[in-house]
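So the structure is just underneath, and the comments pick up after that.
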Amino acid sequence: MGTATGGLGPAGELAGWYAACGRDLPWRRAGTDGWRILLSEVMLQQTPVARVLPVWERWARRWPAPSAMASATAGEVLREWGSLGYPRRALRLHECASILAREHGDTVPGKVDTLLGLPGIGAYTARAIACFAYGQRVPVVDINVRRVVARTVHGRGDPGPPSTRRDLEDVDAMLPAGSADAARFSAAIMEFGALVCTARAPACDSCPLTECHWRALGFPIYEGPRRATQKFEGTDRQARGRLMAVLRAAHGPVARARLDVAWTRDPAQRDRALGTLLIDGLVEQTADGMFALPGEH
DNA sequence: AAGACGTGGAA
DNA sequence: TTTCCAAGTCT
């Protein structure tokens with residue numbers, strides 16, 4: 001690539017690169033239905049492909065349709081979710097399955113506005129499903145896309161804080177006219193951001209793009225506001241994670257003491273964590289004062 | 001509109 | 001060891 005392609009344009013260049021270098025991920029194979037696409041998109045929220053792969057394969061087999069998942073308990077779904085992180089996603093998926101089974105004929109809707117009304121489906125995921133499952137010509141904007149646009153179009157090394165409205169307009173302006181081309185473009189630009197135009201060490205040496213404003217400007221260092229790095233060690237989130245791990249590993253309800261030993265450094269924090277897990281519906285208390293994953297008692 | 005929300009691997 | 005990062009969503 002890169003020699004005398006004159007006129008292909010960024011969309012064409014990305015499409016060519018994607019055809020040659022895109023990964024053969026199972027949810028991208030022809031014929032993958034909307035439900036399985038939805039599962040993959042939710043699992044991939046803030047979670048690397050490598051960790052999603054085995055879980056998605058198992059889920060796609062075990063729960064081939066929303067109704068199948070709806071008939072499982074939330075606890076079973078949480079257990080299958082394992083350590084993917086942000087287990088509220090699993091809970092919302094379970095709710096989503098019930099809604100789809102009950103109100104949408106056991107199928108996944110194709111309209112962005114309808115998808116946006118489902119639990120756990122936001123601006124990115126709704127458009128990703130509409131685009132990748134149903135071939136609609138809608139802008140699909142994730143962190144990869146925002147980073148590629150920031151660099152190639154705006155000449156900034158980092159996209160800075162998100163602005164859904166602005167980001168959607170930026171990408172909409174780049175979308176090829178045909179829906180099939182637009183869908184291919186979105187898959188390609190996301191993959192490009194994930195494999196080449198990466199956050200930490202972009203592979204500019206092997207970049208397939210003829211034009212990049214960031215490169216043209218000499219790769220200026222990003223000056224804007226930096227998102228505060230979140231602590232994890234010692235936080236409520238870590239405590240919640242420990243408690244959930246105990247519940248997942250157990251077969252049925254566990255006694256309070258079993259949870260207490262999972263986080264001993266700060267009893268008040270442990271109580272707070274358990275309290276919010278109860279509120280979130282990730283944990284339930286049994287009649288005799290034990291604790292369990294929802295529906296598992 | 002910042003901040004909460006998991007987890008593990010790489011630099 | 002510490003920090004950063006991974007196809008965001010919700011409040």
Side-chain angles (χ1 to χ4, degrees), chain A residues 18 22-23 25-28 36-56 78 81-93 95-96 115-133 139-149 158-168 171 183 186-195 197-202 222 225-248 262-263 269 272-273 275-277 279-282:
Chain A
Y18 183 64
R23 291 167 292 182
L25 300 173
W27 46 83
R28 282 181 181 159
R36 273 169 255 247
I37 298 282
L38 186 157
L39 290 179
S40 74
E41 293 300 342
V42 172
M43 288 181 174
L44 287 163
Q45 292 168 0
Q46 301 283 281
T47 307
V49 167
R51 289 173 53 201
V52 166
L53 240 19
V55 182
W56 184 87
L78 282 166
W81 187 258
S83 60
L84 277 187
Y86 293 139
R88 291 188 297 187
R89 286 184 291 168
L91 212 49
R92 291 178 182 135
L93 231 21
E95 295 170 37
C96 199
L115 287 160
L116 283 171
L118 297 170
I121 308 296
Y124 162 75
T125 306
R127 290 177 179 79
I129 293 168
C131 174
F132 301 137
V140 181
V141 185
D142 74 335
I143 185 59
N144 289 305
V145 174
R146 298 205 314 112
R147 186 174 54 250
V148 173
V149 171
D158 185 294
S163 164
T164 304
R165 183 65 158 284
R166 179 70 205 291
D167 296 338
L168 286 173
V171 176
S186 287
I189 192 172
M190 283 177 62
E191 187 77 340
F192 175 68
L195 299 184
C197 196
T198 61
R200 215 180 306 201
Y222 175 68
R226 204 96 183 101
R227 190 177 181 79
T229 60
Q230 302 188 67
K231 295 274 180 293
F232 180 62
E233 182 64 31
T235 60
D236 288 12
R237 286 160 67 192
Q238 187 182 30
R240 285 164 55 105
R242 291 288 168 78
L243 299 179
M244 288 300 291
V246 171
L247 265 2
R248 279 198 310 271
W263 190 266
Q269 183 179 41
R272 187 168 62 241
T276 62
L277 288 174
I279 290 172
D280 288 348
L282 285 164

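Atom CG of residue A:Leu84 and atom CD of residue A:Gln45 lie 11.5 Å apart, to the nearest 0.5 angstrom.
Nucleic acid contact for A:Ala50: none, since no nucleic acid atom lies under 4.0 Å from a heavy atom of the residue. Residue contacts shown for A:Ala123 are limited to sugar-phosphate atoms, with no base heavy atom under 4.0 Å away. Heavy atoms of A:Leu25 sit under 4.0 angstrom from at least one base atom. If you check every strand for non-hydrogen atoms under 4.0 Å, A:Arg28 touches a base. Backbone-only contact: A:Thr229 has heavy atoms under 4.0 Å from sugar-phosphate atoms and none from a base. A:Gly122 comes within contact range of the sugar-phosphate backbone alone, with a heavy-atom separation under 4.0 Å but no base atom that close. Across all strands, A:Ala199 comes closer than 4.0 Å only to sugar-phosphate atoms, never to a base (heavy-atom distances). Note on A:Ile121: only backbone sugar-phosphate atoms sit closer than 4.0 angstrom, heavy atoms only; bases stay farther off. At the heavy-atom level, A:Pro161 lies nowhere under 4.0 Å from the strands shown.
Comparing atom distances between the A:Gln230 side chain and each of B:dC5, B:dG6, C:dC10 picks out B:dC5 as nearest. Checked against C:dC4, C:dT9, B:dG6, the side chain of A:Gln46 finds its nearest nucleotide in B:dG6. Each of C:dA7, C:dC10, B:dC5 was ranked by its minimum atom distance to the side chain of A:Arg88; first place goes to B:dC5.
For the pair A:Leu118 CG and C:dC10 C1', the interatomic distance rounds to 15 Å; values are reported in whole Å. Between A:Asp167 atom CG and C:dT9 atom P there is a gap of 13 Å when expressed in whole angstrom units. Going from atom CG of A:Leu243 over to atom P of B:dT7 covers 10 Å, rounded to whole Å. Rounded to an integer number of Å, the gap from CZ of A:Phe232 to C1' of B:dC5 is 10 Å. One atom, CZ of A:Arg127, and another, P of C:dT9, lie 10 Å apart when rounded to the nearest Å. Here the P atom of nucleotide C:dT9 and the CG atom of A:Leu84 are 16 Å apart, to the nearest Å.
At distances below 3.5 Å, at least one donor-acceptor pair connects side-chain atoms of A:Glu191 with backbone N or O atoms of A:Arg23. Side-chain atoms of A:Ser186 never come within 3.5 Å of backbone atoms of A:Ala183 as a donor-acceptor pair (strictly under, hydrogens ignored).
In terms of position on DNA chain C, the residue among A:Trp27 and A:Leu116 whose nearest nucleotide sits closer to the 5' end is A:Trp27. Nearest-nucleotide positions on DNA chain C place A:Arg51 closer to the 5' end than the other of A:Arg51 and A:Thr125.
Counting only N and O atoms by type, the side chains of A:Arg237 and A:Gln230 include a donor and acceptor under 3.5 Å apart.
The heavy-atom pair separating A:Gly193 from A:Val148 by the smallest distance is CA-CG2, 3.7 Å.
Checked by distance alone, A:Arg200 brings a side-chain donor or acceptor within 3.5 Å of a matching partner on the base of C:dC4. Side-chain to base pairing of A:Ser83 with B:dG6: no donor and acceptor N or O lie closer than 3.5 Å to each other. Interface remark: the A:Arg89 side chain does not form any donor-acceptor pair with the C:dT9 base, using a distance-only criterion of under 3.5 Å. In the interface, the side chain of A:Arg237 is paired with the base of B:dG6 through a donor and an acceptor atom under 3.5 Å apart.
Using a 4.5 Å heavy-atom cutoff, the side chains of A:Val149 and A:Asp167 are not in contact.
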